[in-house]
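Below you'll find the structure, written out as structure tokens, and then a few comments.
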Amino acid sequence: MDGHTSPGLALTRRPSPRMERGIVTHVPRSSVDPVLAMRQFVIYQEALASAGWRVVEVDPAPDLPDSVFVEDTVVVCEDLAVLARPGAEERRGEVEGVEAAVRSLGLRVARVEAPGTLDGGDVLQVDETVYVGVGGRTNTEGADQLARLLKPLGREVRRVGLGAVLHLKSAVTALPDGTLIGLPDLVDAAALPPIRRAPEEPGAHVLPLGGRDVLVSAAAHATIHALTADHWRVLPVDVSEFERMEGCVTCLSVLVPGR
């Protein structure tokens with residue numbers, strides 16, 4: 001997405017009451033307050049709406065603890081929705097409800113097939129280039145399938161090796177002008193353009209909302225200050241309960257820009 005993207009639809013999925021039973025990989029397990037998580041989720045939706053996005057909820061999946069992290073289930077590029085095949089087998093049941101939602105929006109649908117695995121959180125779209133993190137939940141076959149599916153849309157897929165991080169977008173995201181921000185030590189930085197180092201871990205997660213609007217975790221105090229000084233319009237949102245489960249502001253929605 002770039003700074004000229006028009007707001008469209010934002011797919012979200014309300015948190016499961018069993019969220020704290022979800023998968024954690026690189027953080028210690030801690031308790032989650034389901035009431036606070038729901039409150040934070042609603043405020044997150046309101047922030048999207050305040051920037052002009054029409055929020056559409058995927059049917060809830062209360063028995064699937066990680067289902068709130070809807071980004072991992074689908075990659076949307078123009079009018080094409082590529083259904084993911086999550087690297088964690090426990091999460092593959094989340095895709096069915098998301099498929100119904102994207103079909104209801106009139107998007108064309110394709111899917112990643114076995115033996116490929118792909119998590120949407122590993123996919124960073126910057127203009128015509130799509131960076132895909134491999135080595136964690138996403139494998140080389142999944143990245144190659146995505147490349148074949150996106151090539152007719154004029155997109156070039158480039159693989160990026162991951163270190164001790166859940167997804168590529170757990171470490172690196174992009175501002176609306178295409179500038180990357182994040183924690184370059186957690187990825188193969190040589191496979192990416194220059195990365196502006198985030199002052200703190202939550203500051204690596206920036207969700208561009210079109211124009212100069214960006215959504216950032218309220219915990220990223222230094223990043224909020226720096227981006228505001230650069231004249232971005234920063235919308236801070238408290239997502240602490242989701243951060244306990246290795247989530248961030250990008251994980252909680254799939255943006256379908258206006259066409």
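Any value given below was found using the heavy atoms of this structure, including those in side chains, with hydrogens, waters and symmetry copies removed.
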Under the 3.5 angstrom rule, does the side chain of Thr173 hit a backbone N or O of Val206 as a donor-acceptor pair? yes
Roughly how far, to the nearest 0.5 Å, is CG of Asp33 from CE of Met19? 9.0 Å
Measure the OG1-CD distance between Thr250 and Glu71 for me, rounded to the nearest 0.5 Å. 4.0 Å
Begin with the C-alpha distance, continue with both residues' side-chain angles, and end with the deciding distance and a verdict on side chain to side chain contact (heavy atoms under 4.5 Å, CB included) for Val68 and Leu252. CA-CA 6 Å; Val68 69; Leu252 298 172; 3.7 Å; yes
Report the C-alpha separation of Thr12 and Val56 in whole Å, then their side-chain angles, then the decisive distance to 0.1 Å, and conclude whether the side chain to side chain contact (heavy atoms under 4.5 Å, CB included) test is met. CA-CA 6 Å; Thr12 63; Val56 176; over 6 Å; no
So do the side chains of Leu180 and Arg196 get within less than 4.5 Å of each other, counting heavy atoms only? no
Side chains of Glu113 and Glu141 in contact at under 4.5 Å (non-hydrogen atoms): no
Indicate the atoms forming the closest heavy-atom contact of Pro184 with Gly182, along with that distance. CD-O, 3.3 Å
Which heavy atom of Asp230 sits nearest to which heavy atom of Arg212, and what is that distance? O-NH2, 3.3 Å
Might you work through the salt bridge (charged side-chain N to carboxylate O under 4.0 Å, His left out) test for Arg108 and Glu78, ending with a clear yes or no? CA-CA 9 Å; Arg108 296 186 296 121; Glu78 296 185 13; over 6 Å; no
Kindly indicate whether the side chain of Phe69, heavy atoms from C-beta on, has any atom under 4.5 Å from the side chain of Cys248. no
Heavy-atom check, side chain of Leu162 versus side chain of Val134, under 4.5 Å: no
Would a 4.5 Å heavy-atom cut-off, applied to side chains only, mark Val130 and Leu150 as touching? yes
Do Ser253 and Tyr44 get their side chains close enough for a donor-acceptor pair, meaning under 3.5 Å? yes
To the nearest 0.5 Å, how far apart are CG in Asp122 and CZ in Arg137? 9.0 Å
With heavy-atom distances below 4.5 Å as the criterion, would you say the side chains of Leu146 and Val123 are in contact? yes
Neighbour count >12 (heavy atoms, 6.0 Å) for atom CZ, Arg54: no
Pair Asp59 + Arg13: basic N to acidic O under 4.0 Å: no
Heavy-atom closest pair, residues Val160 and Asp188: CG1-O, 3.8 Å
Pairing residues for Glu156 by the side-chain contact (heavy atoms from CB on, under 4.5 Å) criterion, not counting sequence neighbours: Arg158
pair Val74-Val95: side-chain heavy atoms closer than 4.5 Å: no
Flag for Thr73-Glu94: side-chain donor and acceptor within less than 3.5 Å: no
About how many Å separate CG of Leu235 and CG of Leu207, when rounded to the nearest 0.5 Å? 10.0 Å
Would you name the heavy atoms of Thr138 and Ala143 that are closest together and state the gap between them? CG2-N, 4.4 Å
How long is the span from the CZ atom in Arg244 to the OG atom in Ser31, to the nearest 0.5 Å? 6.0 Å
Would you please name every residue forming a side-chain contact (heavy atoms from CB on, under 4.5 Å) with Glu96, sequence neighbours left out? none
Minimum heavy-atom distance Ala51-Pro7, with the two atoms named: O-CG, 3.6 Å
Give a yes or no on whether a salt bridge exists between Asp72 and Arg91, defined as a side-chain N under 4.0 angstrom from a carboxylate O. yes
Do Leu80 and Val157 share a hydrophobic cluster (ILVMFWY, side-chain heavy atoms under 4.5 Å, transitive)? yes
With side chain to side chain contact (heavy atoms under 4.5 Å, CB included) as the criterion, how do Lys169 and His205 come out once you've worked through the C-alpha distance, each side chain's angles and the decisive distance to 0.1 Å? CA-CA 7 Å; Lys169 289 170 74 174; His205 317 134; over 6 Å; no
Is it the case that the side chain of Asp119 and the backbone of Gly121 share a donor-acceptor pair, with hydrogens and angles ignored and the cut-off at 3.5 Å? no
Less than 4.0 Å between a side-chain N and a carboxylate O, is that true for Arg21 and Asp66? no
Give the intermediate values and the outcome of side chain to side chain donor-acceptor pair (under 3.5 Å) for residues Glu246 and Ser170. CA-CA 8 Å; Glu246 236 168 339; Ser170 302; over 6 Å; no
Is there side-chain contact between Ile43 and Gln40, with at least one heavy-atom pair below 4.5 Å? no
Is the number of heavy atoms from other residues, nucleotides or ligands under 6.0 Å of Glu128 CD greater than 12? yes
Passes side chain to side chain contact (heavy atoms under 4.5 Å, CB included), Leu118 versus Gln145? Steps please. CA-CA 9 Å; Leu118 181 86; Gln145 288 186 35; over 6 Å; no
Would you kindly confirm whether Trp53 and Val249 end up in one hydrophobic cluster when ILVMFWY residues are joined by side chain heavy atoms under 4.5 Å apart? yes
Hey, is NE2 on His225 packed in by over 12 heavy atoms from elsewhere, all under 6.0 Å? no
Give the cluster check for Leu175 versus Ile224: same hydrophobic cluster or not, with ILVMFWY residues linked at side-chain heavy-atom distances below 4.5 Å. yes
Are any of the side-chain nitrogens in Arg39 or Glu241 under 4.0 Å away from the carboxylate oxygens of its partner? no
Can you confirm whether Arg29 is buried at CZ, in the sense that more than 12 heavy atoms of other residues, nucleotides or ligands lie under 6.0 Å from that atom? yes
Should Val76 and Leu153 be counted in the same cluster of Ile, Leu, Val, Met, Phe, Trp and Tyr side chains packed under 4.5 Å apart? no
Which atom names give the shortest non-hydrogen contact between Val55 and Ala49, and what distance separates them? CG2-N, 4.4 Å
So CZ of Arg85 and CG of Asn139: to nearest 0.5 Å the spacing works out to 8.5 Å
Identify whether Ile195 and Leu168 are in the same connected component of the hydrophobic contact network (ILVMFWY, side-chain heavy atoms under 4.5 Å). yes
Please report, to 0.1 Å, the donor-acceptor pairs under 3.5 Å made by any side chain of residues 213-220, with sequence neighbours excluded.
unit_1, atom_1, unit_2, atom_2, d
Asp213, OD1, Arg233, NH1, 3.0
Asp213, OD2, Arg233, NH1, 3.1
Ser217, OG, Ala219, N, 3.1
Ser217, OG, Glu243, OE2, 2.7

Using modelled atom types only, decide if a donor and an acceptor are shared between the side chain of Ser67 and the backbone of Ala61 within a distance under 3.5 Å. yes
